[in-house]
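Notes to accompany the following structure.
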Amino acid sequence: MKENKQLLVLTHLSQLLDFVTGIGGFIVPLVLWLTKKDEIIGMDLHGKAIINFRISIFIYILLCIPLILLIGLGILGIIAVVVFSFIFPIINAIKASNNQAPNYPFSITFIQ
């Protein structure tokens, strides 16, 4: 196994593709994690954190949709989720470049 901080940073930042393509922010990190988890030191830890975060974000968006119709607070929830999905990949990319473990708050652990 070899160390490649740039690929770890790129994996975190690739989540931002959602703002350009709509779904690339889930597919690209998933493919990078699945193909490189046995080759790059730390890729398995970072990849699992990213995938758990992306699934959690999707669930939070789904929960906000009925809240728009019922209360109207779902719009605030969606705005908060979009802000979190923009800020936390950048923060964790910086952590990856400094050899720190990723931390995605509000992330539900699906893959251990």
Side-chain angles (χ1 to χ4, degrees):
M1 293 182 76
K2 59 183 177 178
E3 184 175 345
N4 191 345
K5 289 184 200 177
Q6 290 82 14
L7 188 59
L8 292 176
V9 170
L10 179 67
T11 305
H12 285 284
L13 293 178
S14 67
Q15 296 176 72
L16 300 177
L17 286 172
D18 270 351
F19 295 102
V20 178
T21 64
I23 187 130
F26 179 76
I27 293 174
V28 173
L30 179 65
V31 169
L32 286 173
W33 171 57
L34 289 174
T35 58
K36 299 294 184 180
K37 68 180 177 181
D38 297 327
E39 299 174 20
I40 306 296
I41 297 171
M43 179 60 85
D44 194 42
L45 174 70
H46 287 267
K48 287 177 182 177
I50 291 169
I51 298 305
N52 286 330
F53 179 67
R54 300 305 303 176
I55 294 170
S56 299
I57 290 293
F58 180 71
I59 290 171
Y60 295 144
I61 291 288
L62 287 179
L63 291 175
C64 287
I65 292 172
L67 292 177
I68 292 172
L69 300 173
L70 295 176
I71 306 170
L73 292 176
I75 294 172
L76 294 175
I78 289 175
I79 291 170
V81 169
V82 168
V83 168
F84 289 151
S85 67
F86 184 77
I87 291 174
F88 287 122
I90 295 170
I91 291 171
N92 283 295
I94 294 168
K95 285 184 175 187
S97 69
N98 294 328
N99 285 333
Q100 296 176 351
N103 180 23
Y104 286 99
F106 311 112
S107 181
I108 304 166
T109 304
F110 295 101
I111 302 171
Q112 295 183 3

In residues 103-112, what donor-acceptor pairs under 3.5 Å come from side-chain atoms, sequence neighbours left out?
| from | atom 1 | to | atom 2 | distance (Å) |
| --- | --- | --- | --- | --- |
| Y104 | OH | H12 | ND1 | 2.6 |
| Y104 | OH | Q15 | NE2 | 2.8 |
| S107 | OG | F53 | N | 3.3 |

- Task: Hey, could you give me each pair passing side chain to side chain donor-acceptor pair (under 3.5 Å) that has a residue in residues 84-96? Not counting sequence neighbours.
- Result: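 Non-adjacent pairs meeting side chain to side chain donor-acceptor pair (under 3.5 Å): zero.
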- Is it true that atom CD1 of I23 has more than 12 heavy atoms of other residues, nucleotides or ligands lying nearer than 6.0 Å?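 Counting other residues, nucleotides and ligands, CD1 of I23 stays at 12 neighbours or fewer.
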- In this structure, are over 12 heavy atoms from other groups packed under 6.0 Å from F86 atom CZ?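 Open.
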Closest approach of [X] to [Y] (non-hydrogen atoms, all atoms of both residues):
X: I78; Y: C64; value: CG1-CB, 3.5 Å
X: I94; Y: S97; value: O-OG, 2.7 Å
X: I50; Y: P29; value: CG2-CB, 3.6 Å
X: L8; Y: I41; value: CD1-O, 3.8 Å
X: P102; Y: L45; value: CD-CD2, 3.9 Å
X: L16; Y: I90; value: CD1-CG1, 4.0 Å

- Message: Quick check on the hydrophobic clustering: are I61 and I87 connected, directly or via other members, by side-chain heavy-atom contacts under 4.5 Å?
- Response: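 The answer is yes; both residues are in one hydrophobic cluster.
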- Query: Do the side chains of V20 and F88 join up, straight or via other hydrophobic residues, at under 4.5 Å, putting them in one cluster?
  - Reply: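 Hydrophobic grouping puts V20 apart from F88.
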Could you state the interatomic distance from [atom1] ([X]) to [atom2] ([Y]), rounded to the nearest 0.5 Å?
X: L67; Y: L69; atom1: CG; atom2: CG; answer: 9.0 Å
X: T11; Y: K37; atom1: OG1; atom2: NZ; answer: 13.5 Å
X: W33; Y: D38; atom1: CH2; atom2: CG; answer: 10.0 Å
X: L34; Y: D44; atom1: CG; atom2: CG; answer: 9.5 Å

- Any side-chain heavy atom of I40 within less than 4.5 Å of one from K2?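 In contact.
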- Message: Just to verify, what does V28 make a side-chain contact (heavy atoms from CB on, under 4.5 Å) with, not counting sequence neighbours?
- Response: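 Per chain and number, V28 pairs via side-chain contact (heavy atoms from CB on, under 4.5 Å) with S14, L17, L32.
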- Contacts of L76 that satisfy side-chain contact (heavy atoms from CB on, under 4.5 Å) - sequence neighbours left out: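 L76 satisfies side-chain contact (heavy atoms from CB on, under 4.5 Å) with L73 once adjacent residues are dropped.
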- Stepwise, does the side-chain contact (heavy atoms from CB on, under 4.5 Å) test hold for F58 with L62? CA-CA 6 Å; F58 180 71; L62 287 179; 3.4 Å; yes
- Item | Qualifying salt bridge (charged side-chain N to carboxylate O under 4.0 Å, His left out) pairs with a residue from residues 61-71, counting only residues at least two apart or across chains |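 Non-adjacent pairs meeting salt bridge (charged side-chain N to carboxylate O under 4.0 Å, His left out): zero.
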- Query: Which residues satisfy the salt bridge (charged side-chain N to carboxylate O under 4.0 Å, His left out) test with K36, sequence neighbours excluded?
  - Reply: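 Testing K36 for salt bridge (charged side-chain N to carboxylate O under 4.0 Å, His left out), a comparison that skips the adjacent residues, returns E39.
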